[in-house]
Participant: 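I have a structure here, written as structure tokens, and I will follow up with some questions on it.
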Amino acid sequence: MKYWLMKSEADVYSIDELKKDRTTMWDGVRNYQARNNMREMRKGDRVLYYHSRQTPPAVVGLANVVKEAYPDPTQFDRKSKYFDAKSNLQDPRWWLVDVRFDRKFDTPVALQEIKDDAKLSGMVLVNNSRLSVQPVTKAEFDRVMKLAGET
DNA sequence: GCCAACGTTGGC
DNA sequence: GCCAACGTTGGC
């Protein structure tokens, strides 16, 4: 099993909305590294759910991968803001996964706490803050869970 | 709302 | 293939 961190702008699609929807298509990713990471995801992988653009930015809960990579339909939808004229059906450029709500933390783990934690100094979140879908090691995952008071 | 950091585009 | 210009992300 692998571990990941996925970012969502808190005011655009929060973990509360994921909880309500139960499952969502992670559409709209238009960054190759993030796309490649989603293609590496396997059913059952665990995902730290991160809220950016909120005060403070924080890991707020957990999700699971429930459907492995398939073409992002929004790239073919002319009405979508994610439409990409350079993509085509035979060789789609953008891929996504489906994720399901697992739980919301009672105690979110703020970005500052992560930055201040020596055990988490290698996290992609700390070193490449703009990548929206990123790998997390098991040790990092376990540490974040501990900071959240989760078992 | 500002702006640093980063990724992408496109001219040469 | 380099790199300047530009657009976007996301912390503050």
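Protein chains get the first letters and strands the later ones, always in sequence-line order, with residue 1 at the start of each. We use all heavy atoms of the structure for the numbers below, so side chains are in, but hydrogens, waters and symmetry mates are not.
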Participant: Look at the side-chain N and O atoms of A:Y50 and state whether any lies under 4.0 Å from the OP1 or OP2 oxygen of C:dT9.
Facilitator: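 No, because none of the side-chain N or O atoms of A:Y50 sits under 4.0 Å from OP1 or OP2 of C:dT9.
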
Participant: Tell me the interatomic distance from A:N31, atom CG, to C:dT9, atom P, rounded to whole angstroms.
Facilitator: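 For the pair A:N31 CG and C:dT9 P, the rounded distance is 10 Å.
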
Participant: What is the distance from OH of A:Y13 to C1' of C:dT9, rounded to the nearest Å?
Facilitator: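 It is 21 Å, rounded to the nearest whole Å.
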
Participant: Given B:dC6, C:dC12, C:dG11, identify the nucleotide with an atom nearest to the side chain of A:N128.
Facilitator: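 Nearest to the side-chain atoms of A:N128, counting from C-beta on, is B:dC6.
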
Participant: Which of these nucleotides, C:dT9, B:dT9, C:dG11, is closest to any side-chain atom of A:K86?
Facilitator: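 Selected nucleotide: B:dT9.
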
Participant: Considering only side-chain heavy atoms of A:Q33, which listed nucleotide, C:dG11, B:dA5, B:dG7, is closest?
Facilitator: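 Looking only at heavy atoms from C-beta outward on A:Q33, the closest nucleotide is B:dG7.
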
Participant: Please confirm whether A:K79 makes a cation-pi placement over A:F83, using NZ or CZ under 6.0 Å from the six-membered ring centre and within 45° of the ring normal.
Facilitator: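 Because its charged atom misses either the 6.0 Å distance or the 45° angle limit, A:K79 does not stack over A:F83.
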
Participant: With ring-ring contact (aromatic ring centres under 6.0 Å, His included) as the test, would you mind laying out the steps for A:W95 and A:Y32 before giving the verdict?
Facilitator: CA-CA 10 Å; A:W95 297 66; A:Y32 291 106; over 10 Å; no

Participant: Once you round it to whole Å, what is the distance between P of B:dT9 and CG of A:D84?
Facilitator: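 It is 9 Å, rounded to the nearest whole Å.
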
Participant: Please state how far atom CG in A:N127 lies from atom P in C:dG11, giving the value in whole angstrom units.
Facilitator: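 The distance from CG of A:N127 to P of C:dG11 comes to 14 Å, rounded to the nearest Å.
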
Participant: Could you tell me the separation between the CZ atom of A:R93 and the C1' atom of B:dT8, rounded to a whole number of Å?
Facilitator: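 One finds 11 Å between C1' of B:dT8 and CZ of A:R93, rounded.
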
Participant: Distance only, no hydrogens: is a donor on one side chain within 3.5 Å (strictly under) of an acceptor on the other, for A:D84 and A:W94?
Facilitator: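 Side-chain D/A pair, A:D84 to A:W94: present.
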
Participant: Whole-Å distance between C:dG11 P and A:M123 CE?
Facilitator: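 A:M123 atom CE is separated from C:dG11 atom P by 13 Å.
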
Participant: Classify the ring geometry between A:Y13 and A:W26 as parallel (under 30°), tilted (30 to 60°) or perpendicular (over 60°).
Facilitator: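 The rings of A:Y13 and A:W26 stand perpendicular, inter-plane angle above 60°.
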
Participant: Just how far, in rounded Å, is P of B:dG1 from CG of A:D11?
Facilitator: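 Going from CG in A:D11 over to P in B:dG1 covers 13 Å.
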
Participant: In whole Å, I'd like the distance from the NZ atom of A:K81 to the C1' atom of C:dT8.
Facilitator: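 Those two atoms, NZ and C1', are 12 Å apart.
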
